[in-house]
Amino acid sequence: MKIATFNINGVKARIETLCDWLDDSAPDVAILQEIKSVDDGFPRQLIEDRGYTLETHGQKGFNGVAILSKLPLEDVTRGLPGDDADEQARWIEATVVGDVAVRICGLYLPNGNPAPGPKFDYKLAWMERLLARATALLADEMPALMAGDYNIIPQGMDAARPQVWRDDALFRPESRAAYRRILNLGFTEAFRTLEPGAGHYSFWDYQAGAWEKNNGIRIDHFLLTPQCADLLAGAWIEKDLRARDKPSDHVPVWVELRP
DNA sequence: ATGGCAGCTATGAGCTGA
């Protein structure tokens, strides 16, 4: 089973890119972020025509996450537990029922800039709630993964120019420590586990020729529970998509799970 | 990453993103 996470930066602006990608790359499951659309505004028919079941958790204008699957989806939940007042659509869960059932959590972690400030506080508070959900997932002792745009540069090697990001919310010590606390519960970060080298990125800014200069960062990640890590057969970044017409500023990151 | 780009919005100049 091949699973991809992809921050598409607006489903209405990216629908042609998204459909071409589904046709060409054929993920069994796609976890999308920044759909920037309410649920009713999602071009559902184009997705279903391609054989996908679609579950969305949208919001007007910003944020918004979705899960697409060629296999049945069960037990869908929306919203990260822990703060009923949080209205930002950044979390969706569903169980994919294939040869083995896998709990899929799709996330769009807050950016947090400028730091310090209220947006940075929201990021860290959100990560505390993520830690709690991650702890509960581990306690279930089932194959499960949390994937999406983490807005975290885990290490210096995950940025072309790490010194530029030193004070940024994506790289500040508090952000990376919060990310490590989750990892250290016992999760496996799929890509880094299989690819120890530097120079692999999942985002290049639209500005200042970042793509042409390969001035990227790696901020889209798959975190696997031990039972899911046992199934890990591959992990890669679909970098080529960034060079196409009307690209997102992110590219898809993949894992393959094999029972 | 510095403004420069891109997408969104009670259509418009302002917000958000990373």
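What you are looking at is a predicted structure, and each value in this text was computed from that prediction instead of being measured. Numbers restart at 1 for each chain; the letters A, B, ... are given by sequence-line order, proteins then strands.
- Taking atom C1' on both B/dG4 and B/dT9, the two are 23 Å apart, rounded to the nearest angstrom.
- Between A/Arg14 and A/Asp20 there is no salt bridge, since none of the side-chain N atoms of the basic residue sits less than 4.0 Å from a carboxylate O of the acidic one.
- Of the P atoms belonging to B/dA13 and B/dA18, the separation is 26 Å, rounded to the nearest Å.
- Using a 4.0 Å heavy-atom cutoff across all strands shown, A/Ala208 reaches no nucleic acid atom at all.
- Taking atom CZ on A/Arg172 and atom C1' on B/dA1, their separation rounds to 15 Å, with Å as the unit.
- Both the sub-6.0 Å distance and the 45° axial angle are not jointly satisfied by A/Arg166 relative to the ring of A/Phe171.
- At a threshold of 4.0 angstrom between heavy atoms, the contacts of A/Lys123 with the nucleic acid are absent.
- With ring centers used as reference points, A/His200 lies under 6.0 Å from A/Phe191.
- Residue A/Lys60 has its side chain nearest to B/dT9 when only B/dT16, B/dT9, B/dG17 are considered.
- B/dC15 and B/dA10 are spaced 14 Å apart, taking the P atom of each and rounding to whole Å.
- As rounded to whole Å, 19 Å separates atom C1' of B/dG17 from atom OH of A/Tyr150.
- If A/Val164 and A/Lys246 are placed on DNA chain B by their nearest nucleotide, the residue sitting closer to the 5' end is A/Val164.
- Nucleotide B/dG17 holds its P atom 14 Å from the CZ atom of A/Phe120, rounded to whole Å.
- Residue-level contact check: A/Asp249 touches neither bases nor backbone, having no heavy atom under 4.0 Å from any strand.
- Between the CG atom of A/Asp149 and the C1' atom of B/dG17 there is a distance of 10 Å, given to the nearest Å.
- The side chain of A/Gln207 places an N or O atom within less than 4.0 Å of a non-bridging phosphate oxygen (OP1 or OP2) of B/dG4.
- Nucleic acid contact class of A/Tyr108 (heavy atoms, under 4.0 Å, all strands): sugar-phosphate only.
- The same atom, P, is picked in B/dG14 and in B/dA1; the two are 26 Å apart, to the nearest Å.
- Protein atom CD of A/Gln59 is 14 Å distant from nucleotide atom C1' of B/dG7, rounded to whole Å.
- Of the candidate nucleotides B/dC5, B/dC8, B/dA1, B/dC5 has the atom lying nearest to any side-chain atom of A/Tyr206.
- One interatomic measurement links the two molecules: CZ of A/Phe42 to P of B/dC8, which rounds to 12 Å at whole-angstrom precision.
- In this structure, the side chain of A/Ser202 engages the main chain of A/Ile219 through a donor-acceptor pair within 3.5 Å.
- Checking B/dA10, B/dG7, B/dA18 against every side-chain atom of A/Asn7, the shortest atom distance belongs to B/dA18.
- At B/dA18, none of the side-chain N or O atoms of A/Arg161 fall inside 4.0 Å of OP1 or OP2 (strictly under the cut-off).
- Separation of the P atoms belonging to B/dA6 and B/dT11 is 24 Å when rounded to the nearest angstrom.
- Between B/dG17, B/dA18, B/dC8, one nucleotide has an atom nearer to the side chain of A/Asp205 than all others, and that is B/dA18.
- One atom, CZ of A/Arg218, and another, P of B/dA18, lie 17 Å apart when rounded to the nearest Å.
- Two residues are said to be in side-chain contact when any heavy atoms from C-beta on lie closer than 4.5 Å; A/Gln227 and A/Glu141 meet this criterion.
- Atom name P, nucleotides B/dC8 and B/dG3: the rounded distance is 22 Å, in whole Å.
- With hydrogens and angles left out, the side chain of A/Asn151 and the base of B/dA18 share no donor-acceptor pair within 3.5 Å.
- For A/Asn9 and B/dA6, a side-chain-to-base donor-acceptor distance below 3.5 Å is absent, hydrogens and geometry of angles not being considered.
- A salt bridge between A/Arg218 and A/Glu189 is present, with a side-chain N of the basic residue lying under 4.0 Å from a carboxylate O of the acidic one.
- Protein atom CG of A/Asn113 is 15 Å distant from nucleotide atom P of B/dA1, rounded to whole Å.
- Under the 3.5 Å distance criterion, the side-chain polar atoms of A/Lys213 are matched with a main-chain donor or acceptor of A/Ala208.
- When the side-chain nitrogen and oxygen atoms of A/Lys36 are compared with OP1 and OP2 of B/dA6, none of them lie within a distance under 4.0 Å.
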